[in-house]
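Protein chains get the first letters and strands the later ones, always in sequence-line order, with residue 1 at the start of each.
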Number of protein chains: 2
Amino acid sequence: MSERAASGGAYIVKPVYKALNVLRCVGEHGGRLTLTEVSRLTGLHKTTAYRYLHTLAECGFVAHDPRTDTYGLGMRVWELGRLVSGDMRVREVALPVMRELRDEFNETVNLGILDGKEIVYVEMLESGHALSMRARVGGRDPAYSTSLGKAILAFLPEEEQRYHLPSRLSPRTGRTHTSLKALRDDLSATRRRGFALDNGENEEDARCIGAPVFDQSGSVVAAISVSAPASRLPDELQPRVAAAVMKAAETISERLGYPELRDNAPGDRRYSSGR
Amino acid sequence: MSERAASGGAYIVKPVYKALNVLRCVGEHGGRLTLTEVSRLTGLHKTTAYRYLHTLAECGFVAHDPRTDTYGLGMRVWELGRLVSGDMRVREVALPVMRELRDEFNETVNLGILDGKEIVYVEMLESGHALSMRARVGGRDPAYSTSLGKAILAFLPEEEQRYHLPSRLSPRTGRTHTSLKALRDDLSATRRRGFALDNGENEEDARCIGAPVFDQSGSVVAAISVSAPASRLPDELQPRVAAAVMKAAETISERLGYPELRDNAPGDRRYSSGR
DNA sequence: TCCTTCGTACCACGACACGAAACAATACTT
DNA sequence: AAGTATTGTTTCGTGTCGTGGTACGAAGGA
């Protein structure tokens, strides 16, 4: 079996890396995992999984139910998770603005944060329509194939941007960018016009329009987007939605302390290069 | 010499154990921790801390801010934390009942869960009074010195109970039980009367009255309590408060599917909850 | 009854985690 | 400006300890 070089990077302590995988595995399967299931899912030797689970349990990161001999996430994870929530000022600040935006078009509004090469959905307001998107709060998608991700990437300093770009663009739909060149062109276009477009690049038949959110230091920290089935977001509507999304994003940025821009010219958006 | 006690007993993988300590350390200090700070706080060698942080970062459990060269909790922690929240049905179910209880006496109402030898405050409704308790949501206290903890411990099967009792009872105040014998007596008393008392055992001058919450399988999963300064909870008032706390706890238990004891008629257990 | 599959326990071996020391790149002092 | 102290990063040899095989008792299923 050809093991992936995943755990082979530099300065990676393998026991830690693999144990964290166990933790994530337990979380993703909603608890109720038995030892052998964990062993199978992670590909670890049964004995090794056993020791990891014991260690994780000792620290409170997983909880062992002695009745069913199953493992689930522990309270310490919840505890730490709350601490992260407390740090996410964007979320509270953005919520009321997102609500307005949702009501304006009655379409799903998303708030996303860049984490590594993926964006994480941090908040999401559903549209009234029955047809809803697949994404969920806490879920992830590649940054390069979503309007949220592209909105953030486009306004990142080049050096940082490179860090968040994958070496290989695996196409998620027929419309996903497959070359770094095409993606870079897309990014500079979004930077020019101030918002990002996703025409079914991440999910078939789904259209998204996203705009970046800046904090007081002038760097992108998040993005918001309106997403809907292509049928409900025809080309004629896009300018109006894009303007609204950008407006909302600017409002959030200002409330985060981002210095207001006097000029409202829509192509003149620049991030401060100095820090 | 004291290594066995320090970094755990058998089946503990030390790199994992220590890395988890790093993670908790980063969380407790609200992020913004530098490498050497982590090294100092955890007592780990600088190189080791460096490798752990790298590994944790690779897995998304900590985030490295390259600007300030500091580490904070990563998005993956938030992600997993949400999953735990989703599992905590008690919390949603208990909230409205807790609200009623808070309004009845205008005192702080707590919801706690047992985790290891400690209880974790999962929800908390403050009283209107200016004088509030020290405890916070997400915080911890020893189980044996709080009414929440004792309410849960008392209704645990003996074998499980022993697992959650510390070998050494370190006194937190002058009133804390110092002997296992005294604690056991207290526990059987609480089991008899159905609620637990804490007269300044955990925090000087703080009184708490707690009652256990059961789930559909009939086992304790949590406890609620009313807590207040001793001056506002005089002996005369205790019976009334205790009755109300027990009533509220029973209501929550029933809504969690706990079969009411009085009538055994199947399918006939949906009255007397006032709704 | 046998047979499977579970969690737990033990052990010998060699991978790899570890700490010392030195590196480069900043901050702080003089 | 030169010196000094502290930072994060890198390399490397040593010996610890994490690892996978293996085995045992218990608990179901056939």
Asks: Nearest 0.5 Å please: distance from the CG atom of N110(A) over to the OG atom of S147(A).
Replies: 7.5 Å
Asks: How bent is the helix from dG7(C)-dC24(D) to dA22(C)-dT9(D), measuring the angle between the end axes built from five pairs each, rounded to 10°?
Replies: 50°
Asks: Evaluate side chain to side chain contact (heavy atoms under 4.5 Å, CB included) for L153(A) paired with H164(A), printing each intermediate quantity in order.
Replies: CA-CA 8 Å; L153(A) 287 171; H164(A) 296 282; 3.7 Å; yes
Asks: To the nearest 0.5 Å, what is the distance between CG on L180(A) and CZ on R168(A)?
Replies: 10.5 Å
Asks: With DNA chain C as reference, determine whether Y52(B) or E37(A) sits nearer its 5' end, using the nearest nucleotide of each.
Replies: E37(A)
Asks: For dT7(D), does OP1 or OP2 lie under 4.0 Å from any side-chain N or O of R40(B)?
Replies: yes
Asks: Calculate the interatomic distance between I12(A) atom CD1 and dC16(C) atom C1'; express it in whole Å.
Replies: 14 Å
Asks: I'd like to know if R140(A) and E79(B) make a salt bridge, using a cut-off of under 4.0 Å between side-chain N and carboxylate O.
Replies: yes
Asks: Assign the ring pair F214(A) / F155(A) to parallel, tilted or perpendicular, where the plane angle (0 to 90°) is split at 30° and 60°.
Replies: perpendicular
Asks: Rounded to the Å, how far apart are K14(A) NZ and dC16(C) P?
Replies: 3 Å
Asks: Is D115(B) salt-bridged to R76(A), going by a charged N under 4.0 Å from an acidic O?
Replies: no
Asks: L33(A) has an atom CG; how far is it from atom P of dG7(C), in whole Å?
Replies: 11 Å
Asks: Take the protein atom CG of D69(A) and the nucleotide atom P of dG25(D), then report the distance between them rounded to whole Å.
Replies: 19 Å
Asks: With side chain to side chain contact (heavy atoms under 4.5 Å, CB included) as the criterion, how do K150(A) and L183(A) come out once you've worked through the C-alpha distance, each side chain's angles and the decisive distance to 0.1 Å?
Replies: CA-CA 9 Å; K150(A) 291 195 290 187; L183(A) 178 59; 4.2 Å; yes
Asks: Strictly below 4.0 Å: does Y50(B) bring a side-chain N or O up to OP1 or OP2 of dT10(D)?
Replies: yes
Asks: What's the spacing between L41(A) CG and N21(A) CG if we round to 0.5 Å?
Replies: 11.5 Å
Asks: Please find the pair of heavy atoms, one from R184(A) and one from L165(A), that lie closest to each other, and give the distance.
Replies: NH2-CD1, 4.1 Å
Asks: Rounded to whole angstroms, how far apart are OH on Y71(B) and P on dT7(D)?
Replies: 14 Å
Asks: Can you check whether T34(A) has a side-chain N or O nearer than 4.0 Å to OP1 or OP2 of dG7(C)?
Replies: yes
Asks: Is the closest basic N to carboxylate O distance between D215(A) and R89(A) below 4.0 Å?
Replies: no
Asks: For H64(B) and P15(B), take the nucleotide of DNA chain D holding the closest heavy atom to each; which residue's nucleotide lies nearer the 5' end?
Replies: H64(B)
Asks: Taking OP1 and OP2 of dT5(C), is either one under 4.0 Å from a side-chain nitrogen or oxygen of T36(A)?
Replies: no
Asks: Collect all protein-nucleotide pairs involving nucleotides 20-24 of chain D in which both atoms are nitrogen or oxygen and the distance is under 3.5 Å.
Replies:
residue: dG20(D); atom: OP2; partner: T48(A); partner atom: OG1; Å: 2.3
residue: dG21(D); atom: OP2; partner: H45(A); partner atom: NE2; Å: 3.4

Asks: Could you state the interatomic distance from CD1 (I152(A)) to CD (Q161(A)), rounded to the nearest 0.5 Å?
Replies: 12.0 Å
Asks: What N/O pairs connect the protein and nucleotides 25-29 of chain C at under 3.5 Å? Give each pair on its own line.
Replies:
none

Asks: If only side-chain N and O atoms of Y11(B) are considered, is one of them under 4.0 Å from the OP1 or OP2 phosphate oxygen of dA9(C)?
Replies: yes
Asks: Do H177(A) and D186(A) touch side chain to side chain, with heavy atoms closer than 4.5 Å?
Replies: yes
